[in-house]
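Worksheet: one structure, shown below.
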Amino acid sequence: MERFVISLALTLALELPMAYAWGLRGRALAMAALTNLMTNPLAVALHLAGVPQIPIEVGVVLTEAAVYRTFSRTPGWRVPKPVLLAAVSNALSWGLGLIIQL
Amino acid sequence: MKKRLLALALALLVMAALPLSARADVIFTPDDDFYEDHYDEMDYVNSGYIANGPGGALTLYESPENSMVKGTAENGEGVYVSVRYTDDDGVAWAQIELFERALNGWVPMDYLVKVYNSDDFREEFADRVAAEEGSLAASEQPVYFWSYPGSDVFQADLPLEGDYLPEYWEVFVDDAGRKWAHVGYYMGIRNAWVCLDAPTADYAALYADHAPQQVTKPEITEPTAEIKPGGISPVVAIGAAAAVAAVSAAILVVMKKRK
């Protein structure tokens with residue numbers, strides 16, 4: 001349980017400021033937080049079950065990119081460069097995770 | 001800006017693909033996530049053991065906190081224990097390797113029986129192990145490097161040639177009067193014994209009936225208590241995480257519909 005909480009907290013602590021810097025505001029930030037809540041615990045659970053990390057991370061990026069892209073195409077939502085946002089923010093949080101492990 | 005961010009992402013991807021298990025080149029370190037995460041809490045073991053789990057087999061788990069089963073070893077099968085970890089409940093866990101099957105995992109230390117080895121022999125027969133220096137003679141015939149005098153297990157049998165020959169600092173005389181030399185290290189062989197009076201003799205040639213001295217091996221009794229890793233079962237964890245994902249997705253759908 002502790003691993004799930006720490007992983008989600010670290011991910012949100014890194015990816016939400018990243019999303020803010022990317023130009024997301026208000027409910028778009030809430031959307032980004034929910035997207036991470038959708039992918040992160042499942043990614044941790046799959047990793048604990050022995051699924052290799054790279055396929056999991058690829059799945060996370062694709063899922064988050066799809067969500068961001070869907071919202072970017074919805075009137076009233078501002079999510080610039082959604083696929084790039086998903087790729088960069090996940091690469092950063094993954095990198096931070098590696099540094100913490102080392 | 002975009003190029004820099006992409007370059008950073010690619011660099012992190014490459015970093016992640018690099019193996020992280022090479023902490024040292026002298027001792028064996030397992031390629032294991034739990035070991036990496038709890039590196040400071042590990043006790044180095046580096047010894048051979050025999051599988052002795054309940055129900056005739058040893059179950060190898062993903063970690064002391066993850067009950068995913070990685071495989072099994074039948075009781076009696078030899079395993080290598082690299083490190084030991086003690087969990088919050090005081091249960092000692094061993095990280096074991098079955099090199100021939102490229103299988104590794106975690107098992108309760110209670111389900112392992114230590115293989116009697118050179119260290120045990122030196123301890124048991126300390127009063128008969130004497131200090132004596134020397135080096136083994138060259139031999140075109142393979143020389144046997146035994147686990148201990150009287151053992152039927154040898155680490156290697158190889159001819160001894162060239163300038164660099166095995167050296168020893170301790171000897172033991174068995175009940176048949178044969179002298180044995182303890183070789184600390186030679187060409188990857190560690191802590192082995194060579195019979196100086198018959199270095200090329202195999203077990204049958206050395207002991208027509210039985211070993212001249214009997215060592216004290218522990219009596220093996222199969223454990224009955226089932227010890228399993230703590231923590232959440234992976235199936236339950238995936239189910240709970242999937243439920244969280246589903247609820248999050250549902251809220252996202254609602255958010256998208258509300259303009």
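In what follows, chains carry the letters A, B, and so on, assigned in the order in which the sequence lines appear, proteins first and then strands, with residues in each chain numbered from 1.
- A 6.0 Å sphere centred on CG of B:D43 holds more than 12 heavy atoms belonging to other residues, nucleotides or ligands.
- Rounded to the nearest 0.5 angstrom, A:T70 OG1 and B:L252 CG are separated by 9.5 Å.
- In this structure, A:R69 places its CZ atom where only 12 or fewer heavy-atom neighbours from other residues, nucleotides or ligands lie under 6.0 Å away.
- Between the CZ atom of A:R73 and the NZ atom of B:K256 there is a distance of 10.5 Å, given to the nearest 0.5 Å.
- Annotation: side chain of B:V244 is not in contact with side chain of A:L42 (no heavy-atom distance under 4.5 Å).
- Nearest heavy-atom pair across B:M255 and A:R27 is CE-O, 3.6 Å.
- Taking every heavy atom of both residues into account, A:A45 and B:A241 meet most closely at CB-CB, 4.0 Å.
- Heavy atoms closer than 4.5 Å to chain B are found in both the backbone and the side chain of A:T35.
- Here the closest non-hydrogen pair linking B:A249 and A:M38 is CB-SD, 3.6 Å.
- Residue-environment remark: CZ (B:R101) exceeds the threshold of 12 foreign heavy atoms within 6.0 Å.
- In this structure, no portion of A:T39 lies under 4.5 Å from any heavy atom of chain B.
- The contact between A:V67 and chain B is made entirely by side chain atoms (from C-beta outward), counting heavy-atom distances below 4.5 Å.
- Dense packing is recorded around OH of B:Y185, with more than 12 heavy atoms of other residues, nucleotides or ligands lying under 6.0 Å away.
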